[in-house]
Amino acid sequence: MNEQVAIAFDDAKAEAFANRLVGALSNASLALMTSIGHRSNLFDVFARQPNVTLEELAVKAGLVERYVREWLGVMVTAGVVDYNAKTKTYTLPAEHAAFLTRAASPNNIAVTSQFIGVAASVEDEMLARLRDGAGTQYHHYCRFHEVMAEDSEQTVVAALNDHILPLVPELYAQLERGIDVADVGCGAGLAMLELARTFPASRFTGVDLCEEAFAETQRTATLLQLSNLTLRTQDLSKIQSLGKFDLITAFDAVHDQKDPQGLLNLVFNSLADNGVFLMQDIGGSRDLETNIDNPFSPLLYTLSFMHCTPISIGQGGPGLGTMWGVETEQEFLSVAGFSLVETHRLPHDPINAYFLARR
């Protein structure tokens, strides 16, 4: 006869976990309201108006007082905003504004908070995908291209000159003389726009599956009369080469492709003999145990579940997911034929890894 072994129930552990879940609910609420504060410009107005009353803040922000009151209730009880009960005034401390306003970019975490709403917009869709194993399409997501562009602007575009381009010592001189550059999975195309404005002697091409992603940037380029920038729609899984380019970039774009290995093969085939491939992608590990102490892991796995994995599967891809890992990224680059690969971490970006690959 099998004897069942009684397992003692740890009341303290249970209470600690319950308290943690309560904290998670409050933090999730704060993340959503942080997105609202960013999109409504409340943080930006607030940062310029210390010791402001509810009425004054609502007027200066051009918003409805009744709803601003509830938003402030979240911010005060979450410890983001200071409240003086005697004077009934509110203050956003400078130390908090340093991570919440547009002036704080590239340290504006309020930008990243918008991904919570983007992920939540496909909750019903992902419940169905859990059962049928199918994928999603970009049109399922509310504001994805808009939020991704804003996030990329402060992670990539703002860091190009000071952090990213210096990874290739000779690159500045080459860009000033004039070279051919391509960005695969360019999204909004903001990186190429910035480079095209900075280096008029070079020629830049951005390629993405979704024309709507770079439509606004295309209009900007036309207004600026940038003749050295081309943005175009193309399914990169259906071609073997883009031509020959001296520099090819991919910013947070490879892992959710229909064929990630095929894309890297395409990049290899499209590089000039002395060309360089500069790839930014998520810097996590493919091994779960390695990611346990990474404070960004819950967010990254959530985005993997809600977006990157199903988007790849929806295109007929392998669904590698956001956390495909630096180890896999290095292996894929090697399989593509790159003989020299350098992996870098940059101080401005705790989430991503940067790879330099040469033929």
From CA spacing to verdict: side-chain hydrogen bond (donor to acceptor under 3.5 Å, both in side chains), Q154, H348: CA-CA 10 Å; Q154 68 172 15; H348 81 285; over 6 Å; no

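- Grouped by direct or indirect side-chain proximity (heavy atoms under 4.5 Å, Ile/Leu/Val/Met/Phe/Trp/Tyr only), V341 sits with V184, V207, L236, I239, L242, F245, I248, V254, L263, L264, L266, V267, F268, L271, F277, M279, L320, W324, V326, F332, L333, F338, F355.
- Taking the side chain as every heavy atom from C-beta outward, S297 and M323 approach each other to under 4.5 Å.
- Taking Ile, Leu, Val, Met, Phe, Trp and Tyr as members and joining any whose side-chain heavy atoms lie under 4.5 Å apart, directly or through other members, the hydrophobic cluster of F43 also contains L30, L32, M33, I36, L42, V45, F46, V52, L54, L57, L63, V68, W71, L72, V74, M75, V76, V80, V81, Y83, Y90, L92, L100.
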E65 and K60: CA distance, side-chain angles, deciding distance, salt bridge (Lys or Arg N to Asp or Glu O under 4.0 Å) verdict: CA-CA 11 Å; E65 179 185 320; K60 291 180 182 298; over 6 Å; no

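- Grouping Ile, Leu, Val, Met, Phe, Trp and Tyr by side-chain contacts under 4.5 Å, direct or through others, puts I109 with F99.
- Applying the salt bridge (charged side-chain N to carboxylate O under 4.0 Å, His left out) test to residues at least two apart or on different chains, the pairs with a partner in residues 273-301 are R286-E331.
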Stepwise side-chain hydrogen bond (donor to acceptor under 3.5 Å, both in side chains) check, D259 with S237: CA-CA 6 Å; D259 183 4; S237 68; over 6 Å; no

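- Proximity of a side-chain donor or acceptor of N108 to a complementary backbone N or O of T101 within less than 3.5 Å is detected.
- Annotation: side chain of D349 is in contact with side chain of Q280 (closest heavy-atom distance under 4.5 Å).
- Side-chain atoms of N41 never come within 3.5 Å of backbone atoms of D44 as a donor-acceptor pair (strictly under, hydrogens ignored).
- No more than 12 heavy atoms of other residues, nucleotides or ligands sit less than 6.0 Å from atom CD of E123.
- Contact check for F204 versus I179: no side-chain heavy atoms found under the 4.5 Å cut-off.
- Residues T136 and R129 are in side-chain contact: their nearest non-hydrogen atoms beyond the backbone lie under 4.5 Å apart.
- Under the 4.5 Å side-chain criterion, counting only non-hydrogen atoms from C-beta, E176 is in contact with F199.
- Checking H344 against E342 by side-chain atom types alone, a donor-acceptor pair falls below 3.5 Å.
- For the residue pair E56 / Q49, no side-chain donor-acceptor distance below 3.5 Å is found, with atom types taken as modelled.
- Side-chain N/O atoms of S304 and T309 include a donor and acceptor closer than 3.5 Å.
- The two residues G284 and E327 have their closest heavy-atom pair at O-OE1, 4.4 Å.
- At distances below 3.5 Å, not a single donor-acceptor pair connects side-chain atoms of T233 with backbone N or O atoms of C210.
- Here the side chains of E194 and N161 are in contact, with some heavy-atom distance below 4.5 Å.
- The backbone N or O of K244 lies less than 3.5 Å from no partner atom in the side chain of S270, so there is not a single donor-acceptor pair.
- Residues satisfying the ring pair (Phe, Tyr, Trp, His ring centres under 6.0 Å) criterion with H145, sequence neighbours excluded, are Y138.
- Not counting sequence neighbours, D252 has no partner by the salt bridge (Lys or Arg N to Asp or Glu O under 4.0 Å) test.
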Worked check of side-chain hydrogen bond (donor to acceptor under 3.5 Å, both in side chains) between Q330 and T343: CA-CA 8 Å; Q330 292 167 335; T343 304; 3.0 Å; yes

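- In the displayed structure, R197 atom CZ is contacted under 6.0 Å by at most 12 heavy atoms of other residues, nucleotides or ligands.
- In this structure, the side chain of D246 engages the main chain of D180 through a donor-acceptor pair within 3.5 Å.
- Counting only heavy atoms from C-beta outward, the side chains of V181 and R203 never approach each other to under 4.5 Å.
- The environment of D10 atom CG is dense: over 12 non-hydrogen atoms of other residues, nucleotides or ligands sit within 6.0 angstrom.
- Hydrophobic clustering (ILVMFWY, side-chain heavy atoms < 4.5 Å, transitive): V156 and I282 are in distinct clusters.
- No side-chain heavy atom of T198 sits less than 4.5 Å from a side-chain heavy atom of Y172.
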